[in-house]
*Asks:* 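One structure is given below, represented as structure tokens, and several questions about it will come after.
Atoms within a ligand are numbered from 1 in the order they appear, just like the ligands themselves.
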Amino acid sequence: MRIVVASGKGGTGKTTIATSLALALTDRPVLLLDCDVEAPNAHLVLSPQLTVREDVSQLIPSVIEARCTGCGRCAEVCRFHAIAVLRGRVLVFPELCHSCGSCVSNCPEAALDEQPKVIGVLEAGLVPNGPAFARGVLNVGEPMAGPLIRRLKSWVFPRQVAAGPAADLVEILDAPPGTSCPVVETLRGGDFALLVSEPTPFGLHDLRLVVEVVRELALPAGVIINRDMPNNGDLERFCRELDLPILMRIPLDRGIGSALASGQSLVAVRPEYGEALRGVFAHIQQTVVEGVP
Ligand code: SF4
Ligand code: SF4
């Protein structure tokens with residue numbers, strides 16, 4: 001089962017929930033995937049022992065000048081405007097290239113080949129007495145997180161180190177903030193979207209946006225309200241109108257906030273949330289496995 005923890009807005013407590021849910025499910029194999037590849041931070045809470053590292057490359061077309069006739073076919077077929085032909089010379093813009101291979105397969109002179117370009121790294125290991133862990137780290141300046149997230153989601157190694165039967169494995173994906181392509185890439189193929197929000201105008205605004213994405217992908221979803229406080233009527237109303245179950249509430253609490261800021265997990269600071277998160281998981285399991293809406 002694959003649970004994606006997303007929020008729309010950054011700073012709502014998404015990583016707090018993802019890491020504590022992973023720590024709370026002690027009776028089954030769990031894998032936490034930190035898909036926030038531009039700024040991964042789940043390791044700060046979990047302190048995994050990262051033992052395996054793999055570079056991730058993207059294939060970028062390069063021109064074999066001796067064969068190129070400057071016909072321009074490659075530029076015509078590139079949907080991403082990542083290749084141009086000016087006065088018979090081919091220019092490739094790697095930062096726009098999605099490595100789709102269309103230009104290579106459509107070149108009538110076989111004048112394009114592909115060269116690997118390292119865009120980031122995957123790292124994996126075990127959290128002592130805890131879940132398996134893996135993350136992607138995008139190289140500074142690399143514009144496209146999607147290929148790295150795709151590779152992280154399909155990486156076999158961390159699934160092999162997660163203790164317990166593979167059929168019981170629960171994957172918890174910590175999504176990037178926002179609602180752009182990296183978030184869609186993280187949500188795609190998920191079984192359930194666990195949305196973390198806060199009762200502020202920005203929190204509600206960004207929850208609306210991420211719910212649109214989740215509904216577009218036809219994912220069942222539920223909400224955790226973090227830093228909850230009285231008079232959060234707009235957020236409650238929104239959830240009610242969209243039939244989004246509120247699965248857990250964490251009140252605004254300075255004690256929790258300062259402990260989390262020092263790198264502790266929610267379940268270490270307040271063990272009672274372990275039981276609450278197991279209840280959230282039971283709801284998700286019922287929704288996903290038994291098809292209960
Ligand atoms: S399609 Fe091939 S031959 Fe034509 S301009 Fe591009 S690289 Fe050159
Ligand atoms: S591989 Fe795809 S995206 Fe990249 S330049 Fe060629 S056609 Fe464009």
*Asks:* Just wondering, do I17 and V280 contact through their side chains at under 4.5 Å, heavy atoms?
*Replies:* no
*Asks:* For ligand 2, which atoms, with element, lie under 4.0 Å from some heavy atom of C103?
*Replies:* 1 (S), 5 (S), 6 (Fe), 7 (S)
*Asks:* Do the side chains of F281 and Q285 get nearer than 4.5 Å, heavy atoms only?
*Replies:* yes
*Asks:* Taking N, O or S atoms only and a limit of 2.8 Å, check whether C97 reaches atom 4 (Fe) of ligand 2.
*Replies:* yes
*Asks:* Can you list the ligand 2 atoms lying under 4.0 Å from a non-hydrogen atom of P61?
*Replies:* 5 (S), 6 (Fe)
*Asks:* Using 4.0 Å as the upper bound for N to carboxylate O, is an ion pair formed by D228 and R249?
*Replies:* yes
*Asks:* Would you mind running through ligand 2 and noting each atom that sits below 4.0 Å from a heavy atom of G101?
*Replies:* 1 (S), 2 (Fe)
*Asks:* Just to confirm my output: which protein heavy-atom neighbour is closest to atom 2 (Fe) of ligand 1, and how far is it?
*Replies:* C107 SG, 2.3 Å
*Asks:* Give the residue, atom name and distance (to 0.1 Å) of the protein heavy atom nearest atom 4 (Fe) of ligand 1.
*Replies:* C71 SG, 2.4 Å
*Asks:* Would you mind listing which atoms of ligand 1 come within a distance below 4.0 Å of any non-hydrogen atom of V90?
*Replies:* 5 (S), 8 (Fe)
*Asks:* I need the atoms of ligand 1 closer than 4.0 Å to a non-hydrogen atom of G72, numbered in the order shown.
*Replies:* 4 (Fe), 5 (S)
*Asks:* Check each atom of ligand 1 against the heavy atoms of G70 and keep those under 4.0 Å away; list them by number with element.
*Replies:* 5 (S), 8 (Fe)
*Asks:* Atom 6 (Fe) of ligand 1 and C74: any N/O/S contact shorter than 2.8 Å?
*Replies:* yes
*Asks:* Do S99 and Q58 meet the criterion of a side-chain donor-acceptor pair at a distance under 3.5 Å?
*Replies:* yes
*Asks:* Out of curiosity, is L112 lining ligand 1, as in a heavy atom under 4.0 Å away?
*Replies:* yes
*Asks:* Could you check if a side-chain atom of L122 sits within less than 4.5 angstrom of a side-chain atom of R135, using non-hydrogen atoms only?
*Replies:* no
*Asks:* For ligand 2, which atoms, with element, lie under 4.0 Å from some heavy atom of H98?
*Replies:* 3 (S), 4 (Fe)
*Asks:* Is there side-chain contact between V85 and C74, with heavy atoms separated by less than 4.5 Å?
*Replies:* yes
*Asks:* Can you tell me which residue and heavy atom of the protein come closest to atom 8 (Fe) of ligand 1, and the distance to 0.1 Å?
*Replies:* C68 SG, 2.4 Å
*Asks:* Can you sort out which atoms of ligand 1 are near E109, meaning under 4.0 Å from one of its heavy atoms?
*Replies:* 3 (S)
*Asks:* Please tell me if the side chains of E171 and L173 come closer than 4.5 Å, counting only heavy atoms from C-beta onward.
*Replies:* yes
*Asks:* Can you find a heavy atom in the side chain of D253 that is under 4.5 Å from one in the side chain of R227?
*Replies:* no
*Asks:* Quick one: do the T12 and N226 side chains pair a donor with an acceptor below 3.5 Å?
*Replies:* no
*Asks:* Atoms of ligand 2 less than 4.0 Å from F80 heavy atoms?
*Replies:* 3 (S)
*Asks:* Heavy atoms, side chains only, cut-off 4.5 Å: are V121 and E54 in contact?
*Replies:* no
